[in-house]
Every structure is written in structure tokens, then in C-alpha cells.
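One structure below.
Just so you know, these numbers come straight off a predicted model, no measurement behind them.
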Amino acid sequence: MTKTAIYPGSFDPITNGHLSIIRRGLEIFDNIVVAVAINSDKKPLFTTEERLEMIAEVVSPYPNVSVDSFTGLLVEYVVSQGSNVILRGLRALSDYEYEFQMALMNRRLSRDVQSVFMMTDYKWFYISSTIIKEAAQHGGSVGALVPEVVEKRLKQKFAKK
Ligand code: ADP
């Protein structure tokens, strides 16, 4: 039986921290679906399509990783993909409270879906899409923190603004 994990998030944009979780997740799961959450409450820098395009390019070396987007309840999406695993990455302590809340709510919503957390590599401990966007917006170099395609897209985005 093959095991598929769903890796949900905003991915606005995808960073090397996300990629590290995907790579290491592949050591445990046969397939990973990177699932971009379409959340009308958030004001993303990149459109859903742009985020999907960047992720698709970055994960193209991994045949067992696919990219998708979803709306509505995550647990329902997970089941619709034939999976029962939500994969999440953990960074600094600040992630824990939010991740606990989400995992417990998801567990209330479905007892059949398990949340699995992977510790991030120390290199990406303090890296978030938000902090990368802030640096890039002011012309800071983020080349070591995001894949090349993302660095290029960030430059284009902020040049236009
Ligand atoms: P969300 O809005 O759902 O938090 P993100 O795109 O910020 O979406 O994060 C998606 C997942 O990736 C979360 O589980 C988050 O903790 C994890 N993640 C984000 N940045 C990193 C990183 N630098 N290292 C490891 N995991 C990360």
C-alpha cells in the first residue's frame, strides 16, 4: 500500500524551509501532495496560480510530489486525496501553539486523519515566507533562502510595485 501525505500551507512563496520538509517527508511517505490553501481572509503577495507554478517548478525533480490547491476543510480535502496524513513543519517555539490548535481542531473534525510534524533543519529555523517577503521588498538578497525561481519572481513582483 502506498502512503500519501498532504502538505498544506500558504506557500506565499515556497522557501527552502518548505522544500526541506518535502525532501525529508519523502523519506517517510511514498507520495506528497503540496496543497496550497486558498484562504480569502489572507492577502497573499502571489496569486494562487503563481504559487502553484513556482512550487511545480521547484518540485519537478521529485516524481512523487504533486501540487494542488484546495478550499474548505483540510481534513475533507485530505480524505478526498485518498490520504489520512497532514504533514506540517515545525520551526521556532512560536509555531507550536498555532500548530497544536490546528491539529486538535482537525482531530475533532476527523478521527481518521493524523497530523505529522517534522522539525525543520536548523538552517531554516527562523525562515518564513513573511520575513523573506519583507527582506525582498526592501531590496535585500534572499538567494540563499529560496529556490532560484522564487528569488526571480520576488524581484519581478517588487520591481512592479
Ligand atoms: P501556513 O499559512 O499554513 O502557516 P506556510 O506556507 O507558512 O503556511 O507554512 C506551511 C507549513 O510549512 C507549516 O507547517 C509551516 O510550519 C511549515 N514551514 C514554513 N516555513 C518553514 C521552515 N522554514 N522550515 C520548516 N517548515 C516550515
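- By the 4.5 Å heavy-atom criterion applied to side chains, V150 and T15 are not counted as neighbours.
- Between the R107 side chain and the S115 main chain, no donor and acceptor come within less than 3.5 Å of each other.
- Here the side chain of D30 pairs a donor or acceptor atom with the backbone of K3 at under 3.5 angstrom.
- Salt-bridge formation is detected for the pair K155/E151: a Lys NZ or Arg NE/NH1/NH2 atom is positioned less than 4.0 Å from an Asp or Glu carboxylate oxygen.
- When atom types are taken as modelled, the side chain of D95 and the backbone of L90 share no donor-acceptor pair closer than 3.5 angstrom.
- In this structure, F46 and E53 have side chains that are not in contact, with every pair of non-hydrogen atoms separated by 4.5 Å or more.
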Next item on the list: For the pair I14 and I22, evaluate side chain to side chain contact (heavy atoms under 4.5 Å, CB included) and give the outcome as yes or no after the intermediate values.
Entry: CA-CA 11 Å; I14 187 164; I22 293 169; 4.2 Å; yes
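- With hydrogens and angles disregarded, a donor-acceptor distance shorter than 3.5 Å links the side chain of S129 to the backbone of P13.
- In this structure, S110 OG and E76 CD are separated by 9.0 Å, a value rounded to the nearest 0.5 Å.
- Side-chain contact between F158 and L45: present, with at least one pair of heavy atoms (C-beta onward) separated by less than 4.5 Å.
- For the pair L154/I132, a side-chain contact is recorded, criterion being any heavy-atom separation below 4.5 Å from C-beta on.
- Shown here is Y126, whose OH atom has no more than 12 heavy atoms of other residues, nucleotides or ligands within 6.0 Å.
- The shortest side-chain heavy-atom distance between N16 and I127 does not fall under the 4.5 Å cut-off.
- Note on M102 and F100: separate hydrophobic clusters, where clusters join Ile, Leu, Val, Met, Phe, Trp and Tyr whose side-chain heavy atoms are under 4.5 Å apart, directly or indirectly.
- Follow the hydrophobic side-chain contacts under 4.5 Å out from V116 and you never reach L104; the two are in separate clusters.
- Q81 is listed as a side-chain neighbour of D68, based on a closest heavy-atom distance under 4.5 Å.
- A donor-acceptor pair under 3.5 Å is formed between the side chain of R88 and the backbone N or O of P8.
- Although no hydrogens or angles enter the test, the distance criterion places a donor-acceptor pair under 3.5 Å between the side chain of S83 and the main chain of T4.
- Looking at S10 and V36, their side chains never come closer than 4.5 Å, going by heavy atoms from C-beta outward.
- Looking only at side-chain heavy atoms (C-beta outward), I38 and T71 come within less than 4.5 Å of each other.
- Residues I6, V33, F70, L73, L74, Y77, V78, V79, I86, M105, L109, V113 make up the rest of the hydrophobic cluster containing V75, defined by ILVMFWY side-chain heavy atoms closer than 4.5 Å, directly or through other members.
- Note that CD of E57 and CZ of R153 are 7.5 Å apart. Values are rounded to the nearest 0.5 Å.
- Of the listed residues (R24, H18, R23), just one forms a side chain to side chain donor-acceptor pair (under 3.5 Å) with S20, and that residue is R24.
- Side-chain atoms of R91 do not come within 3.5 Å of backbone N or O of W124 as any donor-acceptor pair.
- Residues L26 and I55 share a single hydrophobic cluster, defined by chaining ILVMFWY side chains whose heavy atoms lie under 4.5 Å apart.
- Using bins of under 30°, 30° to 60° and over 60° for the plane-to-plane angle, the ring pair Y7/F11 lands in the perpendicular bin.
- One hydrophobic cluster, built from ILVMFWY side chains closer than 4.5 Å, holds both V65 and M118.
- Note that CE of M54 is 9.0 Å distant from CG of L52, once rounded to the nearest 0.5 Å.
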